[in-house]
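These notes are about the structure you will find just below.
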Amino acid sequence: MRAWILLLAGLLATPAFAGTYAPDLTHTSVYFGASHFDRTTMRGRFDKIDGAINFDEGAQQGGFDFTVDAASINTRLRVLDGVLKSEQFLDALQFPVIRLRSDRFVVEGGKLVAIEAKLTLHGVTQPVRLDVRRFSCGDEKMPGSTRHVCGGDFHLAIARSAFGMTRFLPDVSDRVDLDISVEATPQ
C-alpha cells in the first residue's frame, strides 16, 4: 500500500506543463519534396523559421503560429532556388512570409494524432491537416542541467495549385510533401 501512495504522490508531483513554449530553432526544420517528371523527388528546405507555441501538455491541446521566410528556400542549387523564389512559384518578393497557424489539436485515445491548421502561402490561405508521425514530451538530462522538451515530426501534403502555383504542371507534381520537425521548451 505504501508503494502505491509513493507512486501516486510522484505522479501528482510531476508537472503537467501548460503555457507558452519556445521552439528550439536548432532542432526545428521544414523540408519539402515534389516529384520531378514522376522520376525523382526534388527536395529542399527553408532556412529561416520562427514561431510561438501555446500548449497544455496534460490536455494535449494548444495552438501555434509559425512563420517561414520564403526567400530562405534552399535546394542546394542556386538556379533552382531562384526559380522557386520567383513569381512563377513562391513570389518571395510579393509574399515574403509563409505562415502556418493552428488552434486545434486532434487527440484520439489520449494521443496527439493530427493538427488542423491554416497555411498561408503565395498570398492564399487554405485549411490543412498535419499528420503526427511522432510526438512526445519529457525531460532531457544534459551534463549539469535538465530541461523539459516537447517535440515531434509532422507531415503535410498540399496541392500547390490550390495556392496559385501552377507553373510546370504536370511535369513538376502538384503535390508537395512537407516534413516538419519541432522541439520546444516551456518559456
Side-chain angles (χ1 to χ4, degrees), residues 1-33 41 43-76 81 90 92 96-121 128-158 176-187:
M1 179 69 163
R2 183 176 178 180
W4 283 104
I5 293 171
L6 290 174
L7 178 62
L8 182 59
L11 289 173
L12 292 175
T14 302
F17 292 91
T20 304
Y21 281 66
D24 177 348
L25 299 178
T26 62
H27 293 101
T28 297
S29 60
V30 177
Y31 284 87
F32 65 88
T41 300
R43 300 184 191 280
R45 68 177 192 212
F46 291 93
D47 291 333
K48 293 182 183 173
I49 305 163
D50 199 4
I53 304 165
N54 289 307
F55 184 60
D56 182 334
E57 190 176 331
Q60 296 282 301
Q61 290 298 313
F64 60 78
D65 188 353
F66 272 86
T67 57
V68 173
D69 179 346
S72 74
I73 196 165
N74 182 351
T75 63
R76 298 179 306 141
D81 292 347
L90 295 174
V97 175
I98 299 166
R99 187 175 208 169
L100 184 64
R101 302 173 87 185
S102 174
D103 60 5
R104 171 125 164 67
F105 289 11
V106 180
V107 176
E108 293 176 1
K111 181 179 176 185
L112 182 63
V113 296
I115 298 173
E116 293 178 359
K118 291 191 186 281
L119 175 63
T120 302
L121 171 65
V128 295
R129 181 178 171 104
L130 290 83
D131 295 319
V132 178
R133 298 252 167 107
R134 166 193 353 226
F135 182 79
S136 67
C137 296
D139 290 339
E140 289 183 353
K141 296 182 189 297
M142 307 286 226
S145 70
T146 299
R147 68 183 190 139
H148 192 74
V149 178
C150 290
D153 294 324
F154 309 89
H155 179 79
L156 167 64
I158 63 168
V176 177
D177 288 289
L178 296 155
D179 290 301
I180 303 166
S181 295
V182 178
E183 279 191 18
T185 56
Q187 272 185 310

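Small disclaimer: the values here were computed from a predicted structure and weren't measured. These values consider heavy atoms only, across backbone and side chains, with no hydrogens, waters or symmetry-generated copies.
- Remark: K48 pairs with D69, S72 by the side-chain contact (heavy atoms from CB on, under 4.5 Å) rule, at least two apart or across chains.
- For the residue pair R129 and L156, the shortest heavy atom distance occurs at O-CD1, 3.6 Å.
- Between atom CZ of residue R99 and atom OG1 of residue T67 there is a gap of 7.0 Å, rounded to the nearest 0.5 Å.
- We find that R133 and D131 are not joined by a salt bridge, their nearest charged nitrogen and carboxylate oxygen being 4.0 Å or further apart.
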Could you go through D179 and D153, starting from their C-alpha distance and side-chain angles, then the distance that decides it, and tell me whether this counts as side-chain contact (heavy atoms from CB on, under 4.5 Å)? CA-CA 7 Å; D179 290 301; D153 294 324; over 6 Å; no
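- The minimum heavy-atom distance between D177 and A157, with the atom names listed, is OD1-CB, 3.6 Å.
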Go through it in stages, so that I can follow the logic: the residues are Y21 and V182, the test is side-chain contact (heavy atoms from CB on, under 4.5 Å), and I'd like the CA-CA distance, side-chain angles, deciding distance and then a yes or no. CA-CA 11 Å; Y21 281 66; V182 178; over 6 Å; no
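- Contact check for H148 versus C137: side-chain heavy atoms found under the 4.5 Å cut-off.
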Taking it one step at a time, do D139 and K141 satisfy salt bridge (Lys or Arg N to Asp or Glu O under 4.0 Å)? CA-CA 6 Å; D139 290 339; K141 296 182 189 297; 5.3 Å; no
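- The shortest distance between side-chain heavy atoms of F55 and F64 does not fall below 4.5 Å.
- Side chains of F154 and L100 form no contact here, defined as non-hydrogen atoms less than 4.5 Å apart.
- When all heavy atoms are compared, the tightest approach of I53 to A184 is CD1-CB, 3.7 Å.
- With contacts defined as side-chain heavy-atom distances shorter than 4.5 Å, the pair F66/T28 qualifies.
- For the atom pair CG of N54 and OG of S102, the computed distance is 11.0 Å after rounding to the nearest 0.5 Å.
- Under the 4.5 Å side-chain criterion, counting only non-hydrogen atoms from C-beta, I98 is in contact with L119.
- Within the 4.5 Å cutoff, the side chain of F135 has heavy atoms near those of the C150 side chain.
- A 4.5 Å side-chain heavy-atom check between D24 and V149 finds every atom pair outside the cut-off.
- The nearest pair of heavy atoms linking L130 to A117 is CD1-CB, 3.9 Å.
- Across all non-hydrogen atoms, the minimal contact from R147 to T185 is NH1-CG2, 3.6 Å.
- You'll find the side chain of F105 stays beyond 4.5 Å of the side chain of V132, heavy atoms only.
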Go through it in stages, so that I can follow the logic: the residues are R45 and D47, the test is side-chain contact (heavy atoms from CB on, under 4.5 Å), and I'd like the CA-CA distance, side-chain angles, deciding distance and then a yes or no. CA-CA 6 Å; R45 68 177 192 212; D47 291 333; 2.5 Å; yes
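- A distance-only check finds a donor-acceptor pair linking the side chain of D81 to the backbone of T75 [under 3.5 Å].
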